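Okay, structure first, notes after.
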Amino acid sequence: MTTIAAILPPMLTSAIAEGFTAPEVLESGKALMPKANTLGEGLAMILQDVIPLIRPDLYEASRVCLAVIAAVMITSVVQSFSGTQKTVCDIAGTASVAATLLFSTNSMIRLGSDTIVEMVQYGKLLIPVMTAALAAQGAVGTSAALYAATMGIISLIGSVLSKLLLPMIYLFLALAVASGATGQDMLKKFRNLMRDGISWFLKTVLTVFTTYMGLTGIITGTTDTAAAKVAKAAITSVVPVVGGILSDASESVLASVAMAKNAVGLYGFFAILAIFLDPFIKIGCHFLLLKATGAMCAVFGSKAMTELIGDFSTAMGLLLAMTGSVCLLLLISTVCFLRGVS
Amino acid sequence: MEGLRQYVVSVTTAAIICGMLTATLNKGAVQSLVKLLCGFFLAFTFLSPIGRLNLKILPEDFGLDYEEASDAAQEGERFARNSIAQIIKEQTEAYILDKAAEQGLSLEAEVFVSGDEIPIPKSVRLTGQASELERGRMEIILEKDLGIAKENQIWTG
């Protein structure tokens, strides 16, 4: 910035910085937002702030898991004395495990949903700034194509996740509870179909998006490079003194805009991570501890209850996949804008 | 989207009802019959809405909106162009003042830049005292070095 300031008038330097300012991180991400100038430094600061969050999240998740273990133990004891009433015990046990886990699962799903909404909201503020900055560098075609793809996908995935896939987690759990209570294979198959459907959708969207973003740079980059060559030729056709001034001015503005774009992109990168990480850790702790609980309960609990606990863990896994997908989409998009046209 | 969600909910509900129903019956002819009926019911629930399913899963504001994208890109292009035009204006003015000083003139210069894609100095307003000869010399310099035609050089004062 010092070099640029020496070339550009001070007012213009600040005008470029003001013209391309990253939108402020949302409230939920402020706690983890690092004040760093480089990627490595920022990631290290985020990591330092995130690690202390793990312990309270683990405590919260482990309280839930202890309640589940208690429910499974009690059910096992009753089952061993129940004689011919095993079916009733199975249903009661399944219902007790489901009731124990439902409240925490519901709050995790709501947390996941809010995180997705916030990331999408932030993305819609960040992408136009990155687009303008990249276009100011001369990559007009590339910036428009990246903008269209990113905003389109963000709108789509935000809508599909909140209106379809997140409710499908509840349906997945309903099928899991029903199959746990009844032992019906058909319900297990429907449950698996739902899980596989959600996974397939997320993988497809990510694959299509990353492929498109990768190809866009190659295709539109050719057009932008050709346009830049035409502009350069036009400059050299102008009278020498003006041509020299024009050339210097263009380079100065390009360099300044590039720096502003990089600063905006870096801030946006950190902001997306800051919004994403805390909920990710909360849901991740629930996911891991439920997996461990399922493994422990396999020792003394019935197969149905162990599977049900595994299904709740899978639900947390699906939630992680959904929030992680949105975060990854936005990060990939930000990197594509930062990379621009080579 | 709402239609698709209702479809998924109805299939799931039907599956749960069938599962619970068959689980409550003891093995035998009745259970077999109920299973068969549940199969038909599930198949009907699964397949019949497909024909009239509204596959409008895309949100209202979805679209690879190239117009909006183009507007955003043009905003950046405009900003860069205006920044370059500002630099050209200021540096051209500085150049004119240097040349005027070489001629022993004390002038004020205001350069107007073209609105083309590549901004170049188009006209200039010069304020200050100068004889006809001195003006003539400046006009030649401005035309030759900066490409500003004589008719676009406005002298005041």
Side-chain angles (χ1 to χ4, degrees), chain A residues 8-9 12 15-16 19-20 87 127-128 131-141 143-149 151-152 155-156 158-160 163-164 167-168 171 174-175 178-179 181-184 186-187 190 194 231 234-235 238-242 245-246 248-250 252-254 256-257, chain B residues 1-2 4-5 8-9 11-13 15-24 35 38-39 42 57-88 90-92 95 117-121 143-148:
Chain A
L8 293 178
L12 194 53
I16 287 176
F20 302 115
T87 311
I127 298 304
T131 304
L134 185 57
Q137 276 191 282
V140 178
S143 65
L146 291 177
Y147 176 96
M151 294 301 254
S155 300
L156 172 68
S159 185
V160 172
K163 290 180 184 169
L164 187 64
M168 272 172 74
L171 296 176
L175 285 166
S179 77
T182 60
Q184 291 287 305
M186 174 199 62
L187 293 175
F190 267 95
M194 201 140 298
I235 289 172
V238 172
V239 291
V241 173
V242 175
I245 295 172
L246 192 55
D248 290 343
S250 299
S252 304
V253 168
L254 276 180
S256 186
V257 167
Chain B
M1 189 73 70
E2 190 56 37
L4 191 58
R5 185 168 63 174
V8 172
V9 169
V11 169
T12 309
T13 311
I16 292 172
I17 290 169
C18 292
M20 305 284 267
L21 197 59
T22 49
T24 53
K35 271 187 177 176
C38 285
L42 265 178
I57 62 167
L58 300 176
E60 288 294 327
D61 60 348
F62 176 77
L64 294 183
D65 197 339
Y66 285 105
E67 199 182 305
E68 206 178 286
S70 177
D71 288 344
Q74 276 173 13
E75 188 61 42
E77 231 187 344
R78 228 183 336 261
F79 186 89
R81 194 217 156 269
N82 291 344
S83 302
I84 292 170
Q86 179 70 17
I87 297 173
I88 289 168
E90 288 174 7
Q91 298 220 346
T92 310
Y95 183 84
E117 203 179 304
I118 297 171
I120 52 171
E143 194 170 17
K144 185 173 154 240
D145 288 359
L146 301 177
I148 300 174

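No experiment lies behind these values; they were computed from the predicted model shown. Every chain is numbered from 1 and lettered A, B, ... according to where its sequence line falls, protein lines coming before strand lines.
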What pair of heavy atoms forms the shortest contact from A/Ala178 to B/Ile16, and how long is it?
-> CB-CG2, 3.9 Å

Report the distance from atom CD1 of B/Ile87 to atom OG of A/Ser256, rounding to the nearest 0.5 Å.
-> 8.5 Å

Rounded distance (nearest 0.5 Å) linking atom CG of A/Leu134 with atom CD of B/Glu77 | 11.0 Å

Do you know the tightest heavy-atom contact between A/Lys163 and B/Arg5?
-> O-CD, 2.8 Å

Please look at B/Cys18 and chain A and tell me whether the side chain, the backbone, both or neither of the residue comes under 4.5 angstrom of a heavy atom of that chain.
-> both

Smallest separation among heavy atoms of B/Ala15 and A/Leu187, with atom names | O-CD2, 3.0 Å

Please tell me if the side chains of A/Met186 and B/Leu42 come closer than 4.5 Å, counting only heavy atoms from C-beta onward.
-> yes

Below 4.5 Å, heavy atoms only, C-beta onward: do B/Thr12 and A/Phe190 meet side chain to side chain?
-> no

Distance in Å, B/Leu21 CG paired with A/Gln184 CD, rounded so as to fall on 0.5 Å steps | 9.5 Å

Between A/Ser143 and B/Ala73, the two heavy atoms sitting closest are OG-CB, 3.4 Å

Where is the tightest heavy-atom contact between B/Ala69 and A/Thr131, given as atom of each residue plus distance?
-> O-CG2, 4.4 Å

Rounded to the nearest 0.5 Å, what separation is found between the CD1 atom of B/Ile84 and the OG atom of A/Ser252?
-> 9.0 Å

Quick one: list whatever passes side chain to side chain contact (heavy atoms under 4.5 Å, CB included) with A/Met168, sequence neighbours left out.
-> A/Leu164, A/Leu165, A/Leu171, A/Met194, A/Ile198, B/Val8

Distance col, row B/Leu146:CG vs A/Ile245:CD1, nearest 0.5 angstrom, shows 6.5 Å

